[in-house]
Protein chains: 2
Amino acid sequence: MATTSEKPLRKDAERNRRRILDAAAELFAERGLAVTLNDIAHHADVGVGTVYRRFPDKDLLIDALFEERVHELLDLAEQSLECQDAWQGLVEFLEGSLELQARDRGLKQLLLGTPQGCAKVGGVRERIFPIVSALLVRAREEGRVRADVEPGDLAAAQWMVGAILDYSREVRPELWRRYLHVLLRGLSAEATVHDPLPVAALGPQELDSVMSSGALARR
Amino acid sequence: MATTSEKPLRKDAERNRRRILDAAAELFAERGLAVTLNDIAHHADVGVGTVYRRFPDKDLLIDALFEERVHELLDLAEQSLECQDAWQGLVEFLEGSLELQARDRGLKQLLLGTPQGCAKVGGVRERIFPIVSALLVRAREEGRVRADVEPGDLAAAQWMVGAILDYSREVRPELWRRYLHVLLRGLSAEATVHDPLPVAALGPQELDSVMSSGALARR
DNA sequence: CGAAAGTGGATAACGACTATCGACTTCAGC
DNA sequence: GCTGAAGTCGATAGTCGTTATCCACTTTCG
């Protein structure tokens, strides 16, 4: 079970493999997982056949690509658990996680969407959940979070902020911070007035452009 | 410019028109705007051709169907503005609006998604915005809402709770109430601890089922 | 009763994507 | 430098789901 033994790829083949991976990373990040293998091939300056030869199944490509990125998230969770102040840790985790998602549409879809295939990635997600739950429980015990907040609420929070990401990514990539803040305030035990909301709300014309940009597809 | 004059439809034609409208209402509500005219035809026990004859363009059908429903929303907004307590009015509006959306996927998509075509519906949406903005401004003046909250935040709130709707509709249709509550608490001037969160958070097994149900499509 | 209006649903036209194949190019080792 | 194994390219065939048309047939209404 060598980690990455297989056969030693020929030099040009290896170069193409990298090109494909790089192109895929770029396209997934900016356009989401829906990009076709054709798109990726063209973007990598490589024939479609080459892509199919190397990654017969798109899920294999996704797995290969995102394994690393997803582990970043796992590290983040573990590191946040170290934090002496559990509330602080929770905030750090959510901010970090959403920051990654803001920078990579594909990652967001992988994390919050359906797992289908992509075994490795799905597995990591399952390992993150208990860690973050522990973080939440601790923050609750420390009296920083409402007593009736539960782990499921953290998933919901990511869904909600994820929606902001989808709608506003083009117009105001940083808008999600504002609503993460609102949400955290809503979940905290004593919601103080102090710290102002980060980043301004969308103005009327920005709202229009979001609405008509078809951020949410339809038919 | 008679409102609905045209030609007086033949009796059977009129009956079919109604059937189509009814079937469309049902399917849009439970499956969203993406249902095909074929689906609608079959569900209405009518030939596909009949549907196309009556509504050459799907947008026309949507317009015809949702004009009324969207006006309900406009009424709701106006009525909420009457409320002496602006905060109360705001809550009523958001709850009412989201309740409608929870019951009708199509309506939700129409309100929060792209307007493309569907002139009438889009117009009403534009009339609602200033009303709700006024409501917000008043609630802010009354000191119930944080001073830095803006009208755009209400749109964002609907996007966020709308995401909860999309994810959890099958598993727990009422879950959105919990997160509207959290959000409102986050936006309110003094977030008191009192009133407990309505409806429980999703448990681990429910989360799994949401994740794997592919609530959010991908490829 | 007959003309006008309306109907059904097989099927053509489409568009987007997935996947294959085989003539051709490149590499690595002798 | 030659050779054959490894690798490449991209036109194109196959699928799938949807939109839209057409016309022989049925229904309505005066």
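Sequence lines set the chain letters: A, B, ... in the order given, protein chains first and strands last, and positions in each chain run from 1. Given the structure is predicted, the values throughout are model-derived calculations rather than measurements. Just so it is clear, the values below take in all heavy atoms, side chains as well, and ignore hydrogens, waters and symmetry mates.
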Give the rounded distance in Å between these two atoms: NE2 of B:H42 and C1' of D:dT19. 14 Å

I want to verify a distance call: between C:dA28, C:dT18, C:dG9, whose nearest atom is closest to the A:R10 side chain? C:dA28

Send over the distance from B:L60 CG to D:dA20 P, rounded to a whole Å. 12 Å

Nearest-angstrom distance from the residue atom CG of B:D59 to P of D:dA20: 10 Å

Euclidean distance, atom CZ of residue B:R53 to atom P of D:dT27 [Å, nearest integer]: 15 Å

Side chain of B:T36 - closest among D:dA20, D:dT18, C:dG6: D:dT18

On the 0 to 90° scale, with breaks at 30° and 60°, tag the B:Y167-A:W159 ring pair as parallel, tilted or perpendicular. parallel

Between B:D39 and A:D45, the residue closer to the 5' end of DNA chain D by nearest nucleotide is A:D45

Do the side chains of A:L107 and A:V70 get nearer than 4.5 Å, heavy atoms only? yes

Using whole Å, report how far CG of B:L37 lies from P of C:dG9. 16 Å

Given D:dT8, D:dA11, C:dG6, which nucleotide is nearest the side-chain atoms of B:D12? C:dG6

Across the strands shown, which category fits B:N38 at heavy-atom distances under 4.0 angstrom: base, sugar-phosphate, nothing? base

Closest nucleotide among D:dT28, D:dG7, D:dT8 to the A:L9 side chain: D:dG7

Among D:dC9, D:dG10, D:dG7, the nucleotide that comes nearest once only the side chain of A:R54 is considered: D:dG7

Greater than 12 external heavy atoms within 6.0 Å of B:E68's CD: no

Rounded distance in Å - CD1 (B:I20) to P (C:dG9): 13 Å

Under 3.5 Å, is there a donor-acceptor pair between the side chain of A:R172 and the main chain of A:A200? yes

Nearest-nucleotide wise, let me know which of A:Y52 and B:N16 is further upstream toward the 5' end of DNA chain C. B:N16

Residue whose nearest DNA chain D nucleotide is more 5′ - B:R15 or A:R19: A:R19

Give the rounded distance in Å between these two atoms: CD1 of A:I40 and P of C:dA16. 18 Å

Return the value, rounded to whole Å, for the distance between atom CD of B:E14 and atom P of D:dT27. 19 Å

Quiz question: by atom type and distance under 3.5 Å, do the side chains of B:Q101 and B:S97 form a donor-acceptor pair? yes

